[in-house]
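A short write-up of the structure that comes next.
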There are 2 protein chains.
Amino acid sequence: MGRALRADAERSVRAILEAAELVLAADPNASMEQIAEAAGVARTTVHRRFASRQALIEALAESAVRQLNQAIEDARPDTTPPLIALHRVTANVLRIKGAWSYALGRPTEEGGGAAAGWDQLGARCVELLGRAKAEGLLDPAADLEWVRRVYYALIGEALHDERPDPDPDALATLVVDTLLYGAGRRPGTV
Amino acid sequence: MGRALRADAERSVRAILEAAELVLAADPNASMEQIAEAAGVARTTVHRRFASRQALIEALAESAVRQLNQAIEDARPDTTPPLIALHRVTANVLRIKGAWSYALGRPTEEGGGAAAGWDQLGARCVELLGRAKAEGLLDPAADLEWVRRVYYALIGEALHDERPDPDPDALATLVVDTLLYGAGRRPGTV
DNA sequence: CTTAATTGCAACAGCTCTGACTCAGTTAAC
DNA sequence: GTTAACTGAGTCAGAGCTGTTGCAATTAAG
């Protein structure tokens, strides 16, 4: 890293990242020009801050993954009963992932900082699931890696939900509920 | 449609479609040149058979959706108990979707023939799920649209599975099992 | 065998994007 | 208030992709 950016430059960077998310989510092949325009910035400025298109996208991914990890940390999943933790984490993740769906929906580059963030995230997730299994919340025979991927997929699906009632907590409940019990007839039902 | 193609021309079309799936799955921005090369054909031939890049992609999607519908029809889901039908359909769909993951993983154009295929497919799926619900396999309170999307998502996840044992039937069982019961402790368990 | 379709090759025009550079004007920082 | 960073605008060269055309050679179809 070079020295710290001046305040206005930092504002530009943030604006560009947010604009990139917005524009690229609508069209993954959008040009730097379109991104610059959406950011309210000249195209040259984008190139000044990000060496290349790829660099911009990687920075975008890294920023988003950092926020995602932060959102999970905020839920303090390690000091809470698994079921509660699952709900909280899910709600937080839904919030972040809704805002950065493009950045978080891309396969990340091998060596980048984003990849490390994903690894950390995956580890935390599996740890939480492991605790859930240990406390009898999950089937003792469950394959945690599979459960984790199903969990991710459910979150992704929940984001595409288009109900009139976009209550994040309700969505989180739906996700966790589906993850735990599926769509089959519930134990308590006649 | 114009008149029927000559035999060699038809072979070309098929080769191009298969090559397009292969190449575009690896890189959605691959050029027509790369597709032509993979198909063992000159670039001009590709343009002769498909007016534009977009036309090629739409044709690809339509072809894949047609195959997918065929695969479902082969499972005769309407004349079989829902649970069996679910397994069979899942296994068939996994087979097709594995071979055409790019073509089937794209948002389809509004008016195209692929869109109609998707609608038909969705309708069949909901019908099958409805029968499953009626026979007590699903929670009576289940939102079939949500279940359908979860089902799609699970199939997509199962395709990314990288176990040493890629037995399609086992994968289908995993999908259906997860859809019905989730990852939580099973009713029969202590 | 005769005909018409099909193909490969080569070349061309047109377009869009990228990334770099300069320079004058603006703005934060100290 | 002085300085250094930052920005917008304009320009430029280079590259890649698309879609088209003409022509000669090959190949399926009747």
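Note on naming: letters A, B, ... go to the chains in the order of the sequence lines (proteins, then strands), and numbering restarts at 1 for each one.
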Pairing residues for [X] by the side-chain hydrogen bond (donor to acceptor under 3.5 Å, both in side chains) criterion, not counting sequence neighbours:
X       : value
B:Asp8  : B:Arg6
B:Arg11 : none
B:Arg95 : B:Asn92

**Item:** Test: A:Arg53 cationic atom under 6.0 Å from A:Phe50 six-membered ring centre, within 45° of axis
**Value:** no

Spell out, as yes or no, whether a donor-acceptor pair under 3.5 Å connects the side chain of [X] to the backbone of [Y].
X       : Y        : result
A:Glu21 : A:Ala103 : yes
A:Glu10 : A:Ala7   : no
A:Lys97 : A:Ile155 : no

**Item:** Candidate nucleotides D:dA9, C:dG8, C:dT6, ranked by approach to the side chain of B:Arg49 - the nearest
**Value:** C:dT6

**Test item: A:Leu137 and A:Leu129 side chains (from C-beta on) under 4.5 Å apart, heavy atoms** = no

**Asked** Which letters describe nucleotides 25-30 of chain D, given B = protein heavy atom under 4.0 Å from base, S = only from sugar-phosphate, - = neither?
**Response** --BSS-

**Item:** Euclidean distance, atom CZ of residue B:Arg48 to atom C1' of C:dT7 [Å, nearest integer]
**Value:** 6 Å

**Item:** salt_bridge(B:Glu127, B:Arg124) N-O dist < 4.0 Å
**Value:** no

**Request:** May I ask you to say whether B:Asp78 pairs ionically with B:Arg131, meaning some side-chain N is under 4.0 Å from a carboxylate O?
**Result:** no

Every protein N/O within reach of nucleotides 12-19 of chain C N/O, cut-off under 3.5 Å:
residue : atom : partner : partner atom : Å
C:dT18  : OP1  : A:Arg53 : NH1          : 2.9
C:dT18  : OP2  : A:Met32 : N            : 3.1
C:dG19  : OP2  : A:Arg53 : N            : 3.1
C:dG19  : N7   : A:Arg43 : NH1          : 3.0
C:dG19  : O6   : A:Arg43 : NH2          : 3.0

**Request:** Five pairs at each end of the helix from C:dC1-D:dG30 to C:dC30-D:dG1: take the axis at both ends and give me the angle between them to 10°.
**Result:** 50°

